[in-house]
Structures are given as C-alpha cells and as structure tokens.
Amino acid sequence: MGNASREVVTLQLGHYSNFVGTHWWNLQDAALCYDGEPNDSYSEIDSNVLFREGVTMQGQPTYTPRLILMDLKGSLSSLKQEGALYCISQTEPALTWKGSLSVHKEDPAVKNQFLQQLDRLGDELDSNRNPNSRVFQGEERGAALPGAERALDLSQSSYRLEDSVSVWSDYLRVHLHPKTVSVIQQYTHSSTSDRFEAFGFGEKLIRDHSFLDDFEDRLHFYIEECDYLQGFHVLCDLQDSFAGLSARVVELLNDEYGGKGIFTCGFSPASYTDTSPVKEVYRLLNSVMGIVHLSSRSSMFCPMSLNRNALGRKRPSPVGFPHIIYDASLNYHSSALLATALETLTVPYRLQSSGISLSQLADALNPAGRKVITASASVPFPIRDTDTMPDALCREQAGLPWTRLTPCGDFQESQTFAQSVVIRGVSSERQVSNLAPGVRGPSVLHSCPTGEDVLNTFLRSYFPTAARAVHLAQTPCSVATPYPQFFSSSFNKRGQLVGNGLSSTHAVESIPVMSALQSSPVLHSVLHSLYQEVSRLNLRKFSTFLSAGTELDDFREVLEELKNLSQCYKMNFDMDESEDDSDGE
C-alpha cells in the first residue's frame, strides 16, 4: 500500500450529517481506482486515510469507510444495521412460552430503482468473482467495475432520485462495516412525541452505560488497527439533540486521544419542513450550545449550511451557485454541495505527497484560540475548456470565485487572519500560462512559474496580510451516480465551461472545485449578533429545553463564553460598539 497512511476516524452524528456523509463517501468511492497504475492521477489522494482494508468471514478482502455513524430508530429504511458484507445472521431467541403466540412482522422497506440496480450489479459481481483480482478488493456497489455499471445502465436520468430519496440510505453507494451503524433506540426518526430536539437529551445519552460501552467498543475497534492515527472528523447536526451528544463525544475524544486533531463540522439543513416559533428557538439555542462546546473541545470547528441565516431565527435564505440549479428544500441536493466542499476542504492532509497533518492545519488556522472557522467553495470552479488557471482567476474581477458555506447572514468579509485554499481538477499543464520567453501576459498571474505561485498571488491581492496555505490537486471531484445532475447545460462532462456559449449534451462526470477554510473577522459580527439575539430570550418560557438537562446558570455561562469567543475575532482597529446585553424580553 506504499507509505504508511495517517489514518483519520470519522464520526457522523445526526440525520442531516448522514445525508452529507453519504454523498461524501460516494464521491470518494466513485474516484477509487482499484486496478490503477501507480502514476494514475487518482493516486495523489491517499484513500487509506479514510478507508480501511478488511476481510470477510468468507476470506474476501473489503475496503470500507473507517466510520461510526449514529441516527435514530426508523432512519435506515432498507439498509441493514449490520451491513451486507459479513453475512451476520440474526438468530431467533429461544422460546420457553407454551401458550399461544401471535407474530407481527413489518414489511421490509421497498428499495428505489437505484438500489435495485446496485443489488443486481452485486449479484453479477458475485457470479463472475475472481478472488485473486484486486478489482474486487472493495466490493463497493457499482464502483469496482465501471464497465459492468454502464452495462446495467446506471445513468442518472433513469432514477429520479429527487422523487425517491427520503433518508440518506436511499442513495448509499458503498458497503459499511458492521461496526459502523449505531441506532439510537430511545428516539424515533420523524416522531411527533419523543422528539430529539433539545441539547440536554443528547448529553444524557452518553451517560447511559450501555450506550457508552457500545460506542467505545466501536471506536476502539477502529483505533486499534491504525498505525498512525492523525485525528478525527466529526460531522454532526448542530440544531437538535445531536449537538449535545456530539459535544460529549468530542470531549471523550479529547480526554482519551489528546494531541490528535479533531475537525468538527456542524451542519444545518438549508430548510425545514417542520417549523414553528418554538422550534426555531430550540434550534437557535442548540446552535449556541453547540458552537461554544464544540469549538472549545475541537481543534477547529466549522458551522456549515446552505442557508445563510441558519444560525439565527430569520426566514430561510439559501445561497446560490452560479452554475448549479438546486432545490434547497431537498436534503439530497443541499447535502451534495456541502459534501463536495468537504471532500475538497480535507484534501491537504489526505495527499500522498503532503507533509501537513490535520493537527498542523488546525494550528495554522486558529491562532490566538480562534477555533471557529468559515468554509467557502466554488462548485464547480469556473474554468473554461480552453482556459488556464490564471485565465479563470483573472475573470473573477468582481470578487472571490467562491460561495460562503458558513451561515454569516448579511455580514460581509473583507479580511482574514489565516486561510487554507485548495483547487482540484486542474491539470499541471493548465495551472500556469506557459508563456513564450519575452511574451508579456495580460496579468501578473500569467507570469507566475507554478500553480502555487498563481494561487498565492491571487489570494494576496484580496488578503495581503493573511497567513495562508495553498494546495493544488490534479484529481477532479468525481460526481458519478447517484450524485445529483443539477448542473447547467454549459458544462462538458469534465465539469468545464464550454466555450463560445455552446451547450453540452453530456452528463457531468467530474468537476474541478475550489475551497477555502478561513479564520475570519466576520465571525465577530456573526457570533456577537447570535449572542445578542439569544440574550433577549426568556429561557424560562422554553421548559422542554431546561427539563432536558440544561441548567439556567449553565446556559448563562455559555452565553458569556459566546460573547468572549466573538471578541477573539475583533480586529484591533475596530471601533468599540454599543452592545445590548440585556437578559430577557
């Protein structure tokens, strides 16, 4: 497998986070090249950082995510909790009752057309399997044999997944290890009675000995097989009880694995189907509790949503992408865009050639204790099929080429303390202009000798004093089925803009992406505005939130910590502002 990989263990905690995570693992699986040559472009990203090798009880090698995911009862649909790789049988308990019995069985969930096609592909692989070939190493559904996949006609247009996806497992492409899926039996997904909606409910779960023992068993299983653990990804829902559970999980990781990097992303859907003034307040309170606890216990914490006002109580305001036509009400759509950004944001410490680790990236981004960071991405990065990277960047004269994915309301950023910027999917020969000797280019970018110089020079023009790390990867982001085909017709199959205003008739197969993680002064305004909004609430009116386990004095302490956190992002030359710190409305 080459050089020793620096493994990362991923935890997904919450229903929407599992939507994001499912797309994320699908994106990686679609790019895996099981029989690739060593110089294959895909080999520049080390898949072993996030995936693990194993062997089934039948001796078949497997390649599965190094992942623990949690969700509520009723959220798996047709997915088996134990997975399908290891043929774990569910034995019926021995019966000693001699009386009459009545048996009630629930009909199995009906699989959509996409999952049915994957099952047929799996059957075909089984019938043609050659155990000595590494092409079957992954046993991933639909990824190992692209030729077979095409033969089964897994074209995106035939599925209409927008109409058939209700939970994240409805478009899961990869197999999962039996240690991956943990179902929280105490609460039911979409229940109207036992709602998992307050921060304290999540905190209480980790105090349950059986729950904690099960979680630690899963965690230690993955940790013990790592040669060099560099840290953890924690993808969590920020606006329900999973925020409380995640805060305790991250605390546990800190206590047991101090010194390892913890990159926590707190996700919020772009919109909610169930909303009311009380629910909006609960989501606001969970966000505040989550931001304070998760940022203090993580190496870096990034709130992410396609709703620019997700952290407050304002009406949904979804962000737009210049060349994407997506439905913000569909978790299947919004989570795909966030997963695409996440896949690129994490590239720096997943590159084969990279000398940077997750902890080092976090240290570079959070000077002076600024652990909350913002995320932005350009999906796809707008490069024409005839462009070089300097051409594409010079065209962005009106502003930065990315869309902010951290909810910042109407606040605009003009500065940044530190940033990590990645561009992927641009080949090495197109990263620079390659001007002939003596030829003067149309801009200073066209004269830069390397792609890194091009990107550094571009960023310096916007953020002249910011510390920055830039990374370029030729590997594009593969957007194979079941990724949504919500791209405009101006892209070719490689995700490049077609010149001369022509329209493409090909489905988009891969895209270039630009992403940025930033420690930004805009967070002062965002966090302080959040502090002011919550300070005006009379928390005693929301009894369920308090009865879930959050003490009033503890919440007031969290508010004070939020206020102090906001001050970390205040520029030295900012004027003192009047602050309304009144308690209660």
Side-chain angles (χ1 to χ4, degrees), residues 263-266 287-288 290-296 298-305 308-312 314 317 319 345 360-378 396-422 455-470 514-536 558-582:
F263 180 18
T264 303
C265 294
S287 295
V288 168
I291 289 171
V292 170
H293 286 293
L294 290 167
S295 64
S296 66
S298 304
S299 305
M300 52 183 175
F301 171 69
C302 184
M304 294 180 71
S305 177
R308 60 171 57 92
N309 294 317
L311 299 180
K314 294 183 179 179
S317 180
V319 300
L345 292 168
Q360 290 169 330
L361 179 64
D363 290 342
L365 284 172
N366 58 29
R370 303 182 184 106
K371 292 187 177 182
V372 183
I373 56 177
T374 65
S376 304
S378 177
E396 304 298 324
Q397 296 292 334
L400 291 162
W402 55 57
T403 298
R404 186 189 290 145
L405 304 180
T406 293
C408 293
D410 298 324
F411 298 113
Q412 299 298 317
E413 64 184 355
S414 58
Q415 301 287 335
T416 187
F417 300 113
Q419 58 187 337
S420 168
V421 179
V422 179
L455 186 51
N456 266 313
T457 302
F458 173 78
L459 294 172
R460 192 179 301 118
S461 66
Y462 285 93
F463 310 107
T465 62
R468 59 187 161 270
V470 301
M514 183 180 190
S515 71
L517 288 173
Q518 295 179 309
S519 174
S520 172
V522 74
L523 287 167
H524 166 65
S525 301
V526 173
L527 297 175
H528 189 74
S529 175
L530 199 59
Y531 163 78
Q532 288 181 311
E533 183 175 3
V534 178
S535 295
R536 299 188 185 103
V558 165
L559 270 185
E560 190 62 27
E561 290 181 44
L562 179 64
K563 179 181 178 182
N564 294 335
L565 182 62
S566 73
Q567 297 303 311
C568 293
Y569 296 89
K570 196 171 184 181
M571 299 292 287
N572 292 333
F573 53 80
D574 280 350
M575 298 290 291
D576 288 335
E577 54 188 288
S578 60
E579 300 175 353
D580 182 4
D581 298 345
S582 58

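Predicted, not measured: the structure shown is a model, and the values here were computed from it. Counting begins at 1 with the first residue of the sequence.
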**Student:** Has the side chain of T416 got a donor or acceptor atom that lies under 3.5 Å from a matching backbone atom of S519?
**Tutor:**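 Indeed, once roles are kept as given, a pair shorter than 3.5 Å links the two residues.
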**Student:** Assess whether side-chain contact (heavy atoms from CB on, under 4.5 Å) is satisfied between F301 and H293, documenting all intermediate values.
**Tutor:** CA-CA 10 Å; F301 171 69; H293 286 293; over 6 Å; no
**Student:** Taking the side chain as every heavy atom from C-beta outward, state whether I373 and N366 have any pair of such atoms under 4.5 Å apart.
**Tutor:**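 I373 vs N366: side chains apart.
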**Student:** Indicate the atoms forming the closest heavy-atom contact of C265 with M304, along with that distance.
**Tutor:**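 So the minimum-distance heavy-atom pair works out to SG-SD, 4.1 Å.
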**Student:** Over all heavy atoms of both residues, which pair between S317 and R308 is shortest? Give the atoms and the distance, please.
**Tutor:**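 That closest heavy-atom pairing would be OG-NH1, 2.8 Å.
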**Student:** Could you tell me the separation between the OG1 atom of T264 and the CD1 atom of I291, rounded to the nearest 0.5 Å?
**Tutor:**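 Here the interatomic distance stands at 12.5 Å.
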**Student:** Where is the tightest heavy-atom contact between A418 and A364, given as atom of each residue plus distance?
**Tutor:**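 So the minimum-distance heavy-atom pair works out to CB-O, 3.4 Å.
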**Student:** With a 3.5 Å distance limit and no angle check, can you tell me whether K563 reaches the backbone of Y531 through a side-chain donor-acceptor pair?
**Tutor:**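 No, the answer is negative, given that no donor and acceptor are paired below the 3.5 Å cut-off.
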**Student:** Do V526 and T406 have side-chain heavy atoms sitting under 4.5 Å apart?
**Tutor:**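 With C-beta onward as the side chain, the pair stays apart.
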**Student:** Taking the side chain as every heavy atom from C-beta outward, state whether E561 and L565 have any pair of such atoms under 4.5 Å apart.
**Tutor:**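 No; the side chains remain at least 4.5 Å from each other.
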**Student:** What class does the angle between the rings of W402 and F463 fall in, given that below 30° is parallel, 30 to 60° is tilted and above 60° is perpendicular?
**Tutor:**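 Rings of W402 and F463: parallel, as their planes differ by under 30°.
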**Student:** I'd like to check C302 versus F263 (side-chain heavy atoms, cut-off strictly below 4.5 Å). Are they in contact?
**Tutor:**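 SC-SC contact between C302 and F263 confirmed.
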**Student:** Over all heavy atoms of both residues, which pair between V372 and P303 is shortest? Give the atoms and the distance, please.
**Tutor:**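 Heavy atoms only, the tightest pair is CG1-CD, 4.1 Å.
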**Student:** So do the side chains of L562 and V534 get within less than 4.5 Å of each other, counting heavy atoms only?
**Tutor:**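 Not touching, per the 4.5 Å side-chain cut-off.
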**Student:** Nearest 0.5 Å, please: how far is CZ in R370 from CG in L523?
**Tutor:**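 If we round to the nearest 0.5 Å, L523:CG and R370:CZ are 10.5 Å apart.
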**Student:** Would you find a donor on one side and an acceptor on the other, under 3.5 Å apart, between the side chain of S378 and the backbone of M514?
**Tutor:**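 Flag not set: sc S378 to bb M514 has no pair under 3.5 Å.
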**Student:** Roughly how far, to the nearest 0.5 Å, is the OG atom of S525 from the CG atom of L530?
**Tutor:**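 Here the interatomic distance stands at 12.0 Å.
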**Student:** For S515 and A377, indicate whether the former's side chain and the latter's backbone hold a donor-acceptor pair under 3.5 Å.
**Tutor:**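 Side chain of S515 to backbone of A377: no pair is present.
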**Student:** In Å, rounded to the nearest 0.5 Å, how long is the span from CZ of R404 to OG of S305?
**Tutor:**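 Those atoms lie 13.0 Å apart.
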**Student:** So, do Y569 and S520 sit near enough that their side-chain heavy atoms are less than 4.5 Å apart?
**Tutor:**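 Heavy-atom side-chain distance check fails, nothing below 4.5 Å.
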**Student:** Considering all heavy atoms of both residues, which atom of Q419 and which atom of L459 are nearest to each other, and what is their separation?
**Tutor:**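 For Q419 versus L459, the nearest heavy atoms are NE2-CB, 4.1 Å.
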**Student:** With the side chain counted from C-beta on, respond yes when H524 and S566 share a heavy-atom pair under 4.5 Å apart, and no when they do not.
**Tutor:**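 Yes, side chains in contact.
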**Student:** Examine distances only and state if a side-chain atom of R468 and a backbone atom of A466 form a donor-acceptor pair shorter than 3.5 Å.
**Tutor:**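 A pair under 3.5 Å: yes.
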**Student:** Just verifying a value: how many Å separate M300 CE and L361 CG, rounded to the nearest 0.5 Å?
**Tutor:**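 Here the interatomic distance stands at 4.5 Å.
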**Student:** So do V288 and E533 actually touch side chain to side chain, heavy atoms under 4.5 Å?
**Tutor:**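 Sidechains of V288 and E533: no contact.
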**Student:** How close do G409 and N309 get, counting heavy atoms only, and between which atoms?
**Tutor:**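 For G409 and N309, the tightest heavy-atom pair comes out as CA-OD1, 3.1 Å.
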**Student:** Check whether S295 reaches the backbone of V292 with its side chain - one donor and one acceptor, N or O, closer than 3.5 Å.
**Tutor:**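 Yes, because the side chain of S295 sits within donor-acceptor range (under 3.5 Å) of the backbone of V292.
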